[in-house]
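Inspection log for the structure reproduced underneath, given as structure tokens.
What you are looking at is a predicted structure, and each value in this text was computed from that prediction instead of being measured.
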Amino acid sequence: AWHGGWCWETIEPALRQKGYRTMAPDLPGHGSRTEPIAEQTLESYADDIVRLLDEQKEPVILVGHSMGGVVITMAAEKRPEKVKKLVYLAAFMLKPGQSVNGVDNGIRPIDFSSRTADGKTVPWGEKQVAAFTVDCSEEVKQSLYQRLCTEAIAPLVTGVSPTEKNWGSVRRFYIAADDDKAATPEAVKEMLENYPCEKVWHLKADHLAFYSAPDELIEILDDIAKIK
């Protein structure tokens with residue numbers, strides 16, 4: 001949410017140096033893409049990832065950060081055979097009916113008081129940046145102010161609908177950020193109780209772990225890729 005594929009800029013080059021083929025796509029309306037953000041839904045996000053999955057010759061390791069957790073959940077639900085492993089990085093791994101915003105007993109509501117006039121989108125304000133980047137440098141924070149986009153509300157309030165047959169058949173891993181103010185330690189504990197993962201890592205990092213602990217994150221992603 002609010003980001004683009006650019007947020008992996010510290011991670012992708014290092015993984016490629018290790019021999020991996022990587023993709024860090026922009027979701028519709030994010031980054032360099034120009035689709036109207038107000039028209040986006042969880043379905044449009046998931047379908048966009050499914051399109052990329054269908055273009056790959058073999059199953060992928062699919063990593064989702066934050067709201068990206070619900071996107072990869074629904075993409076894997078639609079194409080479980082195209083996903084080798086799911087990796088949730090400081091991400092929302094939710095039960096059926098739950099949403100990022102807490103609909104139907106969701107994990108943690110988001111304050112939409114700063115929503116835009118159309119009632120369909122919400123910007124990311126300075127207070128949120130400060131809360132989610134407590135371990136980041138001032139340079140990173142200033143860069144975020146220039147690049148974060150407005151987010152559609154619909155994907156944040158739409159409940160997920162994973163099934164054990166499809167999504168549940170894919171191997172899953174979780175990377176927690178212990179200074180996270182979004183996917184908090186309490187929320188992560190609850191999510192992992194609901195859906196245990198094959199392995200869990202803990203980073204000394206804030207919500208944007210790809211900036212606050214990039215070296216450690218690179219090594220963990222490398223480890224996950226090597227797990228047989």
Side-chain angles (χ1 to χ4, degrees), residues 1-16 18 20 22-27 30-31 45-46 49 52-53 60-76 83-94 98 100 107-108 110 124 128-129 131-136 140 144 148 151 155-156 160 162 167 170-192 194-227:
W2 296 282
H3 292 68
W6 50 260
C7 66
W8 295 97
E9 63 193 351
T10 59
I11 307 300
E12 254 200 309
L15 290 177
R16 287 179 175 176
K18 290 179 178 290
Y20 297 108
T22 67
M23 299 176 68
D26 292 323
L27 290 176
H30 295 67
Y45 289 170
I49 300 302
L52 292 177
L53 292 176
V60 307
I61 298 172
L62 191 57
V63 184
H65 169 258
S66 193
M67 182 198 73
V70 299
V71 177
I72 67 170
T73 290
M74 294 314 301
V83 183
K84 186 177 182 180
K85 297 170 186 174
L86 286 167
V87 182
Y88 291 83
L89 169 63
F92 294 95
M93 183 177 61
L94 305 178
Q98 290 184 330
V100 175
I107 295 295
R108 182 182 177 130
I110 292 172
W124 191 350
Q128 286 89 343
V129 173
F132 295 163
T133 57
V134 294
D135 297 329
C136 289
V140 165
L144 290 172
L148 292 172
E151 182 57 70
L156 300 171
V160 296
W167 171 79
V170 183
R171 298 172 73 182
R172 58 182 179 263
F173 303 83
Y174 200 97
I175 306 172
D178 290 343
D179 293 337
D180 201 336
K181 305 298 183 186
T184 63
E186 295 78 16
V188 170
K189 181 175 182 291
E190 179 182 336
M191 290 187 287
L192 291 173
N194 293 334
Y195 292 116
C197 290
E198 194 168 322
K199 191 169 181 179
V200 178
W201 288 261
H202 287 267
L203 284 172
K204 177 65 173 67
D206 55 34
H207 190 53
L208 304 191
F210 29 70
Y211 289 123
S212 54
D215 293 341
E216 295 87 345
L217 178 56
I218 290 161
E219 291 307 314
I220 291 172
L221 292 174
D222 186 30
D223 288 345
I224 292 173
K226 292 174 178 174
I227 293 175

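Summarising the geometry of Ala75 relative to Leu62, their closest heavy-atom pair is CB-CD2, 4.3 Å, with the distance given to 0.1 Å. The two residues Lys84 and Arg171 have their closest heavy-atom pair at O-CB, 4.1 Å. Looking at every heavy atom in both residues, Ala205 comes nearest to Asp135 through C-OD2, 3.2 Å. Taking each heavy atom of Val100 and Val70 in turn, the nearest pair found is CG2-CG1, 3.8 Å. Heavy atoms only, all atoms of each residue included: Met67 and Pro155 are closest at SD-CB, 4.3 Å. Taking each heavy atom of Ala183 and Val188 in turn, the nearest pair found is O-CG2, 3.6 Å.
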Practice problem: Go through the steps for Thr73 and Leu94 under the test side-chain contact (heavy atoms from CB on, under 4.5 Å), then give the verdict. | Solution: CA-CA 8 Å; Thr73 290; Leu94 305 178; over 6 Å; no
Practice problem: Check step by step if side-chain contact (heavy atoms from CB on, under 4.5 Å) holds for Leu148 and Gln128. | Solution: CA-CA 11 Å; Leu148 292 172; Gln128 286 89 343; over 6 Å; no
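To the nearest 0.5 Å, atom NZ of residue Lys181 and atom CZ of residue Phe132 are 10.0 Å apart. One finds the NZ atom of Lys18 at 6.0 Å from the NZ atom of Lys226 (value rounded to the nearest 0.5 Å). Here the straight-line distance linking atom OG1 of Thr184 with atom CD of Glu190 works out to 9.0 Å at 0.5 Å rounding.
Judged purely by atom type and a 3.5 angstrom limit, Thr22 has no side-chain atom pairing as donor or acceptor with the backbone of Arg16. Using modelled atom types, one side-chain atom of Lys85 and one backbone atom of Ile227 make a donor-acceptor pair closer than 3.5 Å.
Checked against the 6.0 Å centroid criterion, the rings of Trp167 and Tyr195 qualify as a close aromatic pair.
In this structure, the side chains of Ile61 and Val87 come closer than 4.5 Å at one or more pairs of heavy atoms. Phe210 has its side chain within reach of Leu89: a pair of non-hydrogen atoms, C-beta onward, lies under 4.5 Å apart. Looking at Leu53 and Val60, their side chains come closer than 4.5 Å, going by heavy atoms from C-beta outward. The side-chain heavy atoms of Glu216 and His202, taken from C-beta on, include no pair separated by under 4.5 Å. You'll find the side chain of Trp201 reaches within 4.5 Å of the side chain of Ile224, heavy atoms only. Leu221 is listed as a side-chain neighbour of Ile175, based on a closest heavy-atom distance under 4.5 Å. You'll find the side chain of Thr133 stays beyond 4.5 Å of the side chain of Ser212, heavy atoms only. Side-chain atoms of Asp180 and His207, non-hydrogen and from C-beta on, do get closer than 4.5 Å to each other.
The aromatic rings of Tyr88 and Tyr174 lie parallel to each other, with less than 30° between the two planes, well short of the 60° mark. Ring geometry for His30 versus Tyr45: interplanar angle over 60°, hence perpendicular rather than tilted (30 to 60°). Between Trp124 and Trp2, the ring planes are tilted. Angles from 30° to 60° get that label. Using cut-offs of 30° and 60° for the angle between ring planes, the His3 and His65 rings count as perpendicular.
Residues Tyr211 and Asp206 bring no donor and acceptor atom of their side chains to less than 3.5 Å of each other.
Applying side-chain contact (heavy atoms from CB on, under 4.5 Å) to Leu217 and the options Ile11, Val63, Thr10 leaves one that passes, Ile11.
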